[in-house]
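One-based numbering, in listed order, for ligands and for the atoms of each.
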Amino acid sequence: MGHLTIKHVRAFVLRGGGADYHDQADGHWIDDHIATPMSKYPEYRQSRRSFGINVLGTLVVEIEASDGTVGFAVTTGGEPAAYIVEKHLARFLEGARVTDIEKIWDQMYQSTLYYGRKGLVINTISGVDLALWDLLGKIRQEPVHQLLGGAVRDELQFYATGTRPDLAQKMGFIGGKMPLHHGPSEGEEGLRKNLEELATMRERVGPDFWLMLDCWMSLDLNYATKLAIGAHEHGLKWIEEALSPDDYWGYAALRNNVPRGMLVTTGEHEATRWGFRMLLEMGCCDIIQPDVGWCGGLTELVKISALADAHNAMVIPHGSSVYSYHFVATRQNSPFAEFLMMAPKADEVVPMFHPQLLGEPVPVNGRMRLSVLDKPGFGVDLNPDCQLHRPYNR
Ligand SMILES: C[C@H](O)[C@H](O)CC(=O)C(=O)O
Ligand SMILES: [Mg+2]
């Protein structure tokens, strides 16, 4: 196996949900007046698609080994990411050994430093890295969680993200995270509506069910502090991504300001061990939420997680379906996972990356047995019904 090399790397683009989960049709809860950094512009307040949240689409990376085995992964990044894979990164893979994951990561990261470091380029590197892990698992006929050192639990537990924590509770999830609907530009009235929504949900779910608010980078420190203080009486467990991901100082201040017992979480738009080092060393949050498809891939997430462990911080990855399930199963400091409710009304469980993957497992009663992950690689296939487009066929 050590002699197997990488023969071909191919990058495709896909539209319509899946890894680019904001790319949904009209009427979906995920695009219904959610507070964002763009909410200060009234014309971009109602819909995130109006300001282009879904312009990129999904990137599919396929890596073929010299024995014909194919590993693949999906993430966001679409056509510009496909360009980076085909025109820049492929050179570090083709001809390399399939086991050269660490070296390939370093070459991808160092060679793109002058235009990369975060965002799209790291999404792209993450997609390639995940495809490499999938390939290795398929060649060795082992699930990725075993390649990572083995699972530390037999079952994963999930909280659900969506507008209906009350339904998520009935479906067996351990908590519900709601999107914040009104940002600072909607003033005191918006703040009151945010708190009323939380209060209504608290009444529906009773005192013990976890409720969280996802603020998607939309607030300033003062508003976030007022929201946290007002939400405390409704038992808010955590306030998520309240500020810009660049505002490490603001997060450190917010963590001081929130009522005792309330957690501050962030990190889904942070990348690499260096970005997370800032969050951890500056005391920005209690839980970090890297997205394995965006933070640098699995190779990087392992490092980020070790760093978090040494800072007594939990790692609860953002979304990312099977790519995070295999990881969460292997870490003591990842005691539960997120499940994004992708049904338009958040009223039923559908696979997070639907319709792009075949065999994508979902939680049942808010839980997932490890045995459903016991398939080679990440255990999923590309859905042949999805129309792949290869814009930069070399
Ligand atoms: C609901 C949030 O606005 C976003 O779409 C997803 C997210 O940030 C999360 O799952 O966390
Ligand atoms: Mg979030």
Side-chain angles (χ1 to χ4, degrees), residues 17-25 27-39 44-56 58 75-76 123 158-165 168 173-183 194 197-198 201 210-219 224 227 236-245 251 254 263-271 279 284-295 314-321 323-325 328 334 336-346 349-354 363:
D20 191 358
Y21 58 86
H22 290 120
D23 193 21
Q24 302 291 344
H28 199 289
W29 72 263
I30 208 155
D31 201 29
D32 186 14
H33 202 111
I34 288 177
T36 79
M38 291 293 283
S39 300
Y44 296 119
R45 198 173 283 163
Q46 176 53 34
S47 156
R48 296 196 275 193
R49 283 178 304 157
S50 72
F51 67 73
I53 198 172
N54 61 335
V55 286
L56 293 174
T58 293
T75 183
T76 33
N123 286 15
F158 291 84
Y159 76 87
T161 296
T163 39
R164 297 301 302 269
F173 288 94
I174 56 174
K177 185 173 82 188
M178 299 189 286
L180 190 78
H181 283 121
H182 309 281
N194 285 330
E197 226 178 290
L198 179 64
M201 198 50 74
W210 297 356
L211 285 179
M212 296 76 93
L213 278 177
D214 189 325
C215 309
W216 211 74
M217 310 170 276
S218 63
L219 309 182
L227 178 67
L236 187 72
K237 186 174 175 68
W238 77 59
I239 178 165
E240 176 168 323
E241 224 191 7
L243 309 172
S244 157
Y251 277 105
L254 179 62
L263 305 175
V264 174
T265 72
T266 193
E268 74 184 66
H269 297 103
E270 189 53 86
L279 287 179
C284 295
C285 56
D286 302 279
I287 297 178
I288 58 165
Q289 301 167 304
D291 185 303
V292 64
W294 303 343
C295 73
M314 281 192 266
V315 180
I316 308 298
H318 170 254
S320 50
S321 182
Y323 304 115
S324 63
Y325 306 157
V328 164
S334 300
F336 57 93
E338 175 181 17
F339 188 76
L340 249 169
M341 299 293 277
M342 292 319 303
K345 302 285 172 220
V349 169
V350 297
M352 215 190 290
F353 283 177
H354 175 78

Visitor: Suppose we screen for ring-ring contact (aromatic ring centres under 6.0 Å, His included). Which residues come up paired with F353, at least two apart in sequence or across chains?
Guide: none
Visitor: Suppose we screen for side chain to side chain contact (heavy atoms under 4.5 Å, CB included). Which residues come up paired with I174, at least two apart in sequence or across chains?
Guide: Q157, Y159, W210, F336
Visitor: Can you name the one residue among H181, H182, H28 that meets ring-ring contact (aromatic ring centres under 6.0 Å, His included) with H33?
Guide: H182
Visitor: Treating W238 as the side-chain partner and I287 as the backbone partner, does any N or O pair qualify as donor plus acceptor under 3.5 Å?
Guide: no
Visitor: Mind checking ring-ring contact (aromatic ring centres under 6.0 Å, His included) for H354 and listing every partner two or more places apart, or none if nothing turns up?
Guide: none
Visitor: Is it true that the NZ or CZ of R164 lies under 6.0 Å from the centre of W29's six-membered ring and within 45 degrees of the ring axis?
Guide: no
Visitor: Answer yes or no: is there a donor N or O on one side and an acceptor on the other, between the side chain of K345 and the main chain of G27, under 3.5 Å?
Guide: yes
Visitor: Which residue from D291, T161, D214 reaches closest to atom 9 (C) of ligand 1 through any of its heavy atoms?
Guide: D214
Visitor: Going by the order shown, which atoms of ligand 1 are within less than 4.0 Å of some heavy atom of I30?
Guide: 5 (O)
Visitor: Using the six-membered ring wherever Trp is involved, compare the ring planes of F339 and F158 and label them parallel, tilted or perpendicular (cut-offs 30° and 60°).
Guide: perpendicular
Visitor: Between T76 and A19 (side chain of the first, backbone of the second, donor and acceptor by atom type, cut-off under 3.5 Å), is there such a pair?
Guide: no
Visitor: Taking the Mg ion (ligand 2) as the center, what protein N, O or S atoms are found at less than 2.8 Å?
Guide: D214 OD2, E240 OE2, E268 OE1
Visitor: Please state which option from Y21, Y159, W29, W216 has its nearest heavy atom closest to atom 1 (C) of ligand 1.
Guide: W29
Visitor: Only heavy atoms of H22, strictly under 4.0 Å: list the atoms of ligand 1 that pass.
Guide: 4 (C), 5 (O)
Visitor: Any idea which protein heavy atom is nearest atom 3 (O) of ligand 1, and the distance to it?
Guide: R48 NH1, 3.0 Å
Visitor: Checking side-chain polar atoms at under 3.5 Å, does Q46 have a donor or acceptor matched by the opposite partner on D31?
Guide: no
Visitor: List ligand 1 atoms under 4.0 Å from E338, heavy atoms only on the residue side.
Guide: 9 (C), 10 (O), 11 (O)
Visitor: Taking 4.0 angstrom as the limit and counting only heavy atoms of H318, give me the atoms of ligand 1 inside it, by number and element.
Guide: 6 (C), 7 (C), 8 (O), 9 (C), 10 (O), 11 (O)
Visitor: Under 4.0 Å, heavy-atom basis, I'd like to know which part of K177 is in contact with ligand 1: side chain, backbone, both or neither.
Guide: side chain
